[in-house]
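One structure is given below, represented as structure tokens, and several questions about it will come after.
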Amino acid sequence: MSKSTKYLLISLPSSITPSHHRDDALDAITTTVAPENGSVAQFPIPEFKIGTLDALVQQADELAKLETACQGVVGKVSDALKNILDGDEAQIEKMKAVNDKPADQYLRTFSWNKVKYRADKPLAEIIDLLQKEAASIDNDVRSKYSQYNQVKNTLATLQRKQTGNLSTKSLASVVDPRTIVQNSEYLETHLVAVPAQQVKEFLKTYETVAPMVVPRSASLVASDDEFTLYAVTGFKKHSAEFVHKCREQKWIPRDFKYVEGGREEERKEVERVGGDERKLWGETLRLGRTAWSEAVMVWMHVLVLRVFVETVLRYGLPLDFVCTLIRAPSTKQADKAKYNLDEKYSYLAGNAFGRDKKGRVKKDDPNEMHAGGEGSGAEYTPYVYYEFEFN
């Protein structure tokens with residue numbers, strides 16, 4: 001399935017040919033589209049139970065909103081797969097199968113799922129079921145993906161603590177507990193990460209930035225390319241002022257409390273969260289693959305209902321129409337196919353479509369004319385027409 005492939009799902013009355021035969025109508029559509037613009041195949045639409053005209057108009061609006069929601073769900077699952085697989089297009093395409101078939105093959109061999117969505121049920125009942133399924137898929141993916149992201153972010157934070165510079169990394173494996181004053185009623189040791197270019201200034205002034213700093217108490221703990229870590233001893237009652245003055249000087253006070261076995265505990269925590277992240281990655285990937293398949297199937301069933309309802313509203317009863325799937329290799333060819341169809345079948349719209357002096361199709365009032373099920377923002381066509389693609 002090429003990323004540029006466009007699909008046109010259209011419905012036309014069988015009366016477009018003198019014989020009123022569906023096979024002849026299909027041949028006429030194929031000829032009109034022209035082979036260079038795309039392949040044309042009959043698309044099966046069941047006959048559903050038809051209620052009142054008012055109900056059909058309301059259902060057309062509901063289905064328009066539901067189809068937009070379904071497209072959104074498919075897009076969200078696609079985005080989740082892209083993030084989980086770090087944008088690996090080859091792997092992403094492998095995940096995007098519908099019932100273990102490529103999406104293009106699923107469409108070309110589409111058949112209505114009579115077991116899940118019985119055609120003898122009222123349309124309102126089928127629509128309600130599809131709405132619930134779309135919402136369930138959306139909720140499941142959002143919940144699992146959020147859970148995965150939380151663990152992934154936690155792991156990233158832990159890893160940064162292991163690998164960052166002395167201003168951010170964990171000090172459990174850096175600080176020798178013998179350099180820290182512990183269990184003193186009056187004294188406290190401060191750990192300060194000093195930028196490399198400020199070390200001389202720090203050593204010259206740290207004793208005077210706050211009251212009661214123990215003279216010559218600064219001892220080197222560790223250093224890296226960016227920072228040098230010093231331990232400085234002062235009286236507890238002036239600790240807050242010392243920390244504040246350090247920040248003013250752009251020296252970074254580090255919170256640290258020695259815990260026996262802390263280094264080993266941190267290592268175990270990274271391993272534990274890493275294991276959780278790997279497990280959730282697999283679970284989220286499997287759910288994403290299943291969800292994309294199910295979301296596409298729900299979307300296509302909603303689209304079939306849109307075509308059916310709009311066909312009844314357009315062409316009336318008794319039902320005598322042909323539905324076709326046009327597979328266009330590119331947007332340009334899809335536009336050309338639609339142009340040919342508009343030229344050929346503009347008469348179906350009555351006065352909605354006219355022709356200029358050169359015989360070209362023109363629209364008298366494109367801002368007001370629209371299909372009942374296509375929404376006021378959609379371009380009016382003289383036949384039932386929906387265009388879509390997979391992302």
Side-chain angles (χ1 to χ4, degrees), residues 83 86 143 145-281:
N83 287 329
D86 294 324
S143 175
Y145 188 57
S146 174
Q147 186 183 1
Y148 167 69
N149 272 334
Q150 286 176 1
V151 173
K152 182 181 177 182
N153 290 337
T154 299
L155 178 61
T157 300
L158 290 172
Q159 289 173 335
R160 280 197 299 272
K161 286 183 177 180
Q162 299 294 311
T163 59
N165 61 44
L166 287 167
S167 71
T168 58
K169 73 182 296 183
S170 168
L171 300 179
S173 61
V174 175
V175 177
D176 185 333
R178 291 173 296 182
T179 64
I180 304 295
V181 174
Q182 300 185 57
N183 304 318
S184 171
E185 185 178 352
Y186 301 106
L187 297 176
E188 182 177 18
T189 300
H190 299 280
L191 293 169
V192 184
V194 182
Q197 65 272 23
Q198 294 188 41
V199 167
K200 287 184 179 179
E201 182 65 20
F202 169 80
L203 292 173
K204 189 186 299 183
T205 60
Y206 78 90
E207 297 172 348
T208 59
V209 294
M212 302 186 77
V213 176
V214 176
R216 295 186 295 280
S217 63
S219 62
L220 175 65
V221 177
S223 62
D224 58 27
D225 292 341
E226 299 175 69
F227 291 89
T228 300
L229 186 69
Y230 285 95
V232 177
T233 302
F235 280 75
K236 287 183 177 180
K237 66 178 182 179
H238 293 289
S239 289
E241 185 176 354
F242 179 78
V243 168
H244 176 70
K245 291 295 184 181
C246 284
R247 291 198 174 104
E248 282 189 347
Q249 298 295 324
K250 309 301 182 186
W251 308 332
I252 301 173
R254 295 298 314 277
D255 290 329
F256 176 77
K257 184 176 182 180
Y258 175 72
V259 178
E260 185 72 34
R263 180 178 181 180
E264 181 64 16
E265 284 299 315
E266 283 190 355
R267 185 187 65 79
K268 288 180 179 178
E269 179 72 357
V270 171
E271 287 183 358
R272 183 187 66 79
V273 176
D276 290 345
E277 191 269 346
R278 288 189 295 274
K279 180 184 175 185
L280 274 169
W281 181 87

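All of these numbers come straight from a predicted model, not from anything done at the bench.
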### Summary
Heavy-atom nearest pair, Ser217 first then Val214, reads OG-O, 2.7 Å
### Query
Are Asn149 and Asn83 close enough that some pair of their side-chain heavy atoms sits under 4.5 Å apart?
no
### Task
For the residue pair Pro211 and Glu241, establish whether any side-chain heavy-atom pair is separated by less than 4.5 Å.
yes
### Query
Taking the side chain from Tyr148 and the backbone from Ser143, do they hold a donor-acceptor pair closer than 3.5 Å?
no
### Query
Quick one: are Lys250 and Gln198 in side-chain contact, heavy atoms under 4.5 Å?
yes
## Note on the structure
Taking every heavy atom of Thr179 against every heavy atom of Val175, the minimum-distance pair comes out as OG1-CG1, 3.7 Å
### Task
Compare every heavy atom of Ala193 with every heavy atom of Ser167, then report the nearest pair and how far apart it is.
CA-CB, 4.0 Å
### Task
Can you measure from NZ (Lys152) to CD (Gln147) and round to the nearest 0.5 angstrom?
14.5 Å
### Query
When rounded to the nearest 0.5 angstrom, what is the spacing between CD in Glu271 and CG in Leu155?
11.5 Å
### Task
Give a yes or no on whether the backbone of Ser184 and the side-chain of Lys236 come within a donor-acceptor separation of less than 3.5 Å.
yes
### Query
What are the two closest heavy atoms between Val213 and Phe242, and how far apart are they?
CG2-CD1, 3.8 Å
### Query
Do side-chain atoms of Glu226 reach the backbone of Leu166 as a donor and acceptor pair under 3.5 angstrom?
no
### Task
Using a strict cut-off of less than 4.0 Å between a Lys/Arg side-chain nitrogen and an Asp/Glu carboxylate oxygen, indicate whether Glu248 and Lys245 qualify as a salt bridge.
yes
### Query
Quick one: CD1 on Ile180 to OG1 on Thr189, what's the gap to the nearest 0.5 Å?
5.0 Å
### Query
Could you go step by step and tell me if Glu269 and Arg272 meet the salt bridge (charged side-chain N to carboxylate O under 4.0 Å, His left out) rule?
CA-CA 5 Å; Glu269 179 72 357; Arg272 183 187 66 79; 3.0 Å; yes
### Query
Heavy-atom distance under 4.5 Å between the side chains of Gln162 and Arg267, does that happen here?
no
### Message
I'd like to know if the side chain of Tyr206 reaches the main chain of Val232, judged simply by a donor and an acceptor atom lying under 3.5 Å from each other, with no hydrogens or angles considered.
### Response
no
### Message
With a 3.5 Å distance limit and no angle check, can you tell me whether Tyr230 reaches the backbone of Leu203 through a side-chain donor-acceptor pair?
### Response
no
### Task
Would you check if the side chain of Thr228 reaches a backbone N or O of Ser223 as a donor-acceptor pair within less than 3.5 Å?
no
### Summary
The reported gap from CG in Leu280 to CD in Gln150 (rounded to nearest 0.5 angstrom) is 10.0 Å
### Query
About how many Å separate CG of Leu158 and OG1 of Thr163, when rounded to the nearest 0.5 Å?
10.5 Å
### Message
If we ignore hydrogens and angles and just use 3.5 Å, is the side chain of Asp224 paired with the main-chain N or O of Asn165 as donor and acceptor?
### Response
no
### Query
Is the Phe202 ring parallel, tilted or perpendicular to the Trp251 ring (thresholds 30°, 60°)?
perpendicular
### Message
Applying side-chain contact (heavy atoms from CB on, under 4.5 Å) to Arg160 and Thr157, what does each step give before you reach the verdict?
### Response
CA-CA 5 Å; Arg160 280 197 299 272; Thr157 300; 3.3 Å; yes
### Main-chain N/O of Lys169 paired with Arg254 side-chain donor or acceptor, under 3.5 Å
yes
### Heavy-atom check, side chain of Phe227 versus side chain of Thr168, under 4.5 Å
no
### Query
Atom CD in Gln182, atom NZ in Lys257: separation rounded to 0.5 Å?
10.0 Å
